[in-house]
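In what follows, a single structure is set out as structure tokens and then discussed.
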Protein chains: 2
Amino acid sequence: MVLHRSWLESANAPEGEFPLNNLPYGVFSVGESDLRCGVAIGDRIVDATGLEAAGFLRADPDADVLDAPYWNDFMELGRAAWSRYRAALASMLAEGADEVVQDQIITHSVPMKDAALHMPFRVSEFTDFYSSRHHATNVGTMFRGAENALPPNWLHIPIGYNGRASSVVVSGTPVTRPHGQIMGPDDATPHFAPSARFDIELEMGAIVGQASDGPISVAEAFDNIFGYVLLNDWSARDIQAWEYQPLGPFQSKATATTISPWIVTAAALEPFRSSTPAREKPLLDYLTEPGPMLYDIALEVGLTPDGGSETVIAETNYNEMYYSAAQQLAHHSSSGCPMRVGDLLGSGTISGPKRENRGSLLELSWGGKEPITLDTGETRSFVEDGDTLTLRGHAQGSGYRVGFGACSGTVRPKR
Amino acid sequence: MVLHRSWLESANAPEGEFPLNNLPYGVFSVGESDLRCGVAIGDRIVDATGLEAAGFLRADPDADVLDAPYWNDFMELGRAAWSRYRAALASMLAEGADEVVQDQIITHSVPMKDAALHMPFRVSEFTDFYSSRHHATNVGTMFRGAENALPPNWLHIPIGYNGRASSVVVSGTPVTRPHGQIMGPDDATPHFAPSARFDIELEMGAIVGQASDGPISVAEAFDNIFGYVLLNDWSARDIQAWEYQPLGPFQSKATATTISPWIVTAAALEPFRSSTPAREKPLLDYLTEPGPMLYDIALEVGLTPDGGSETVIAETNYNEMYYSAAQQLAHHSSSGCPMRVGDLLGSGTISGPKRENRGSLLELSWGGKEPITLDTGETRSFVEDGDTLTLRGHAQGSGYRVGFGACSGTVRPKR
């Protein structure tokens, strides 16, 4: 877990998000340019599409897999190609690289500050899980009472539901407060209105990089995951409470899901693997992990009112999960469900044991009964119009960090 | 509602499924040929890809939208193009068409019996609803008791959940009995085993042919629907019962969903429009239908044991639905959820008032307590290995039918 030094000095900053150890994959444009595949290093973005076209760095000798505004075709190549590409790019960026190579990289890169970032991959389908013990207990207590908080299946199954891929957007995309059917506790009939309990969910997203056609093991699932993003699953709690029985959340979760712009690869996170907690009940064999498959990733949520300054409202860690993404993916495939390159698996809201570790406003304000106070003195039970919500995350090495870039969205008033 | 006669005599048979009034869209191959877009007429398939390439019939003057193994690019063109294409093709196939035109069609068509049929469109995302009053009441009674049968939201919302697009297959594709977590009523812990209560669901599927980025009205939704297919949403009831609380069905519905091979267009079904039943509770404005948006389509399910003969086990009608596909789609968009060309909306199981009108074995055998007897004398509570389940449907005109082709699947034993 030591810094791999780059000749690009900005990549060596101890608190920078994009050292040579990271090399995350994104999609960028500059001005009116086409969308291109890029790799973040320090304060620059390497133009991977340009390097491929110039023949300096090719993922596939025979096909231009990066001549596209997404990394899906690259993922299709498989793990051996992922490793070769990462190693080749790392050697070009490492301290001591040939000056000719350095010149190529400078020619085929842009300052990050000049670039707009776009969806890094085409989402095939989106599944959202519910795998944090503290989150499930908190929400279950509010929705069904303390005695029914944790559903009887929860300790046996990584519970999940299919979400809506078309609603996944990249950080920076505004989010419009949704309308929906709402039935308040004192209402005789439902009404159609803007959500008054619009919320965030702090999650990690795992990206499937290899397809499968039948059931796969947890070990195979781990190998099939290409990388991770931060993920904010915007949720309209009042719409959810009325619609979710008996078939689960639907329109309450369909307005938008924001992801961070960089895919941090499983390879970059390898040094930070950590174990799921001890099982409270034994798992069935098909869900048993052969080794540590979670990651130690510090996470936080910032809330910035319109024109105001940011307050960090929650801090937690990805290793609070009860189930890893590999377990979720293995379960997802257990019925024979075909999984495809570009499938996105949300971890579920990640909450820790303390109040300040809760990953949603629903939990932080305990259903609105205990509003939180921002540094500005304002209070919040749920998200207000003009608020910007920003997720951040990083794995901490010795003198360096592997970061994800901000996962941010500003809420616009209803249409 | 009278037959439009074709010079192709097989298209004029009173009980044929593919008269000139129909002209459904599919994808076919002959032998080792590439997959091509085709249109069913009588006992032949018109090679729409070939007609386009030859310049005889083009949907778009500037682009080869049918040079693809799916109709999505055609759908993207929009309603005006759909109408023009249908009118042009109909005139080429109508009685009295020029002999040169007839020769072109014969050259660019194949006997249906020689062709293999494939998925007619690329499924973007799959949503399954729960909109038949009798089905919801039957299943609710079995899962939650008679007093909680119909959830309180059911008469206000077309309840639905996101399904799994990757699991949608075309008629004729074998279906493998899934494994999953099962927790029997007398079990202390769940076990992982092949489903012992594997079932069918008789549904219609509506295909979104025009994208939308925000909420749309019911009238707009109706206009955005390109066409319909028969749909069998295979369901593992034992897996479903254990997993579905609190976030809805997941792996129980992810093994396979079979659709019929021909997209019957909304245009072809226009003469058969019918109304949803009287409202038991008033609907909110955003769900109110401006006119009849269901269709009178007779539906049936046949069960054929391995090596045996078929028994028709259920007969019902699409007009048993409480909500139309247009209402479902309008609700689906209400939160701002982007809808895309190729989205598939399952109606939910269509059951009628009588036992023989029930669209699933769960209902027909009342959870296995009242097995049905086949014509062969065998009984069934759920689907057995080797069984072939076949859905059929048609709208009845005066002396002609608009049919869908069979929606069939044979169950293979567990892996």
Side-chain angles (χ1 to χ4, degrees), chain A residues 124-128 130 140 143-144 151-153 156-157 159-167 176 178-181 183 189-192 195 214-215 236 239 242-256 281-282 284-286 331-340 343 415, chain B residues 124-128 130 140 143-144 151-153 156-157 159-167 176 178-181 183 189-192 195 214-215 236 239 242-256 281-282 284-287 331-332 334-340 343 415:
Chain A
S124 296
E125 297 190 64
F126 171 43
T127 308
D128 199 27
Y130 186 60
F143 274 50
R144 291 177 296 274
N153 52 19
H156 300 280
I157 299 178
I159 293 290
Y161 65 98
N162 298 297
R164 183 76 195 173
S166 67
S167 68
T176 302
H179 273 75
Q181 276 203 33
M183 177 79 141
T189 54
H191 59 287
F192 190 72
S195 172
I239 299 171
W242 172 234
E243 75 171 1
Y244 93 108
Q245 289 285 12
L247 300 186
F250 185 51
Q251 287 307 285
S252 55
K253 302 278 195 168
T255 302
K281 295 196 178 175
L284 288 166
D285 287 347
Y286 82 102
H331 178 68
H332 207 322
S333 75
S334 62
S335 67
C337 180
M339 303 302 299
R340 297 189 293 201
D343 283 340
R415 290 160 201 272
Chain B
S124 295
E125 297 190 63
F126 170 44
T127 309
D128 200 28
Y130 186 59
F143 274 51
R144 291 176 295 275
N153 52 19
H156 301 281
I157 299 179
I159 294 289
Y161 66 98
N162 298 298
R164 184 75 197 175
S166 68
S167 69
T176 302
H179 273 74
Q181 275 203 35
M183 176 80 142
T189 55
H191 58 287
F192 191 71
S195 172
I239 299 171
W242 172 232
E243 76 172 1
Y244 93 107
Q245 288 284 16
L247 300 185
F250 185 51
Q251 288 306 286
S252 55
K253 303 277 197 167
T255 302
K281 296 197 177 174
L284 289 166
D285 287 347
Y286 83 102
L287 287 175
H331 178 68
H332 206 324
S334 61
S335 66
C337 180
M339 302 302 299
R340 298 189 293 198
D343 282 340
R415 290 160 201 271

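Keep in mind the model is a prediction, meaning the values are calculated, not measured. The sequence lines fix the lettering, A, B, ..., with proteins before strands; numbering per chain opens at 1.
In this structure, the portion of B/D343 lying under 4.5 Å from any heavy atom of chain A is its side chain and not its backbone. The contact between A/I157 and chain B is made by backbone and side chain atoms together, counting heavy-atom distances below 4.5 Å. For B/P152, the parts lying near chain A are the backbone and the side chain together; criterion is any non-hydrogen pair under 4.5 Å. Of the two parts of B/L287, only the side chain, counted from C-beta on, holds a non-hydrogen atom closer than 4.5 Å to a non-hydrogen atom of chain A. Both the backbone and the side chain of A/T255 have a heavy atom closer than 4.5 Å to some heavy atom of chain B. Of the two parts of B/L247, the backbone and the side chain both hold a non-hydrogen atom closer than 4.5 Å to a non-hydrogen atom of chain A.
Chain A forms the most heavy-atom pairs under 4.5 Å with one residue out of B/H191, B/H156, B/H179, B/E243, and that residue is B/H156. Contact tally against chain B (heavy-atom pairs below 4.5 Å) for A/G160, A/G336, A/P151, A/G180: the top residue is A/G160. Top candidate by heavy-atom pairs under 4.5 Å with chain B, chosen from A/S124, A/S333, A/P246, is A/P246. For the options B/Y161, B/F192, B/Y244, B/F126, heavy-atom pairs under 4.5 Å to chain A are most numerous at B/F192. Of the listed residues (B/A256, B/G140, B/P249), the greatest number of heavy-atom pairs within a distance under 4.5 Å of chain A belongs to B/P249.
A heavy-atom distance below 4.5 Å is found between the side chains of B/C337 and A/Q251. Inter-residue side-chain proximity for A/S252 and B/S335 is flagged as unmet; no heavy-atom pair is nearer than 4.5 Å. A 4.5 Å side-chain heavy-atom check between A/Y286 and A/S334 finds at least one atom pair inside the cut-off.
Take B/S167 and apply the side chain to side chain contact (heavy atoms under 4.5 Å, CB included) test, not counting sequence neighbours, and it matches A/P338, B/R164, B/T257. Legend: residues meeting side chain to side chain donor-acceptor pair (under 3.5 Å) with A/S195, ordered by chain and number and at least two apart, are A/D238.
The distance from the NE2 atom of B/H331 to the CD atom of A/Q181 is 6.5 Å, given to the nearest 0.5 Å. How far CG of B/N162 is from OG1 of A/T127: 9.5 Å, rounded to the nearest 0.5 Å.
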### Task
Take A/N153 and B/M183, measure what side-chain contact (heavy atoms from CB on, under 4.5 Å) needs, and give me the verdict at the end.
CA-CA 9 Å; A/N153 52 19; B/M183 176 80 142; over 6 Å; no
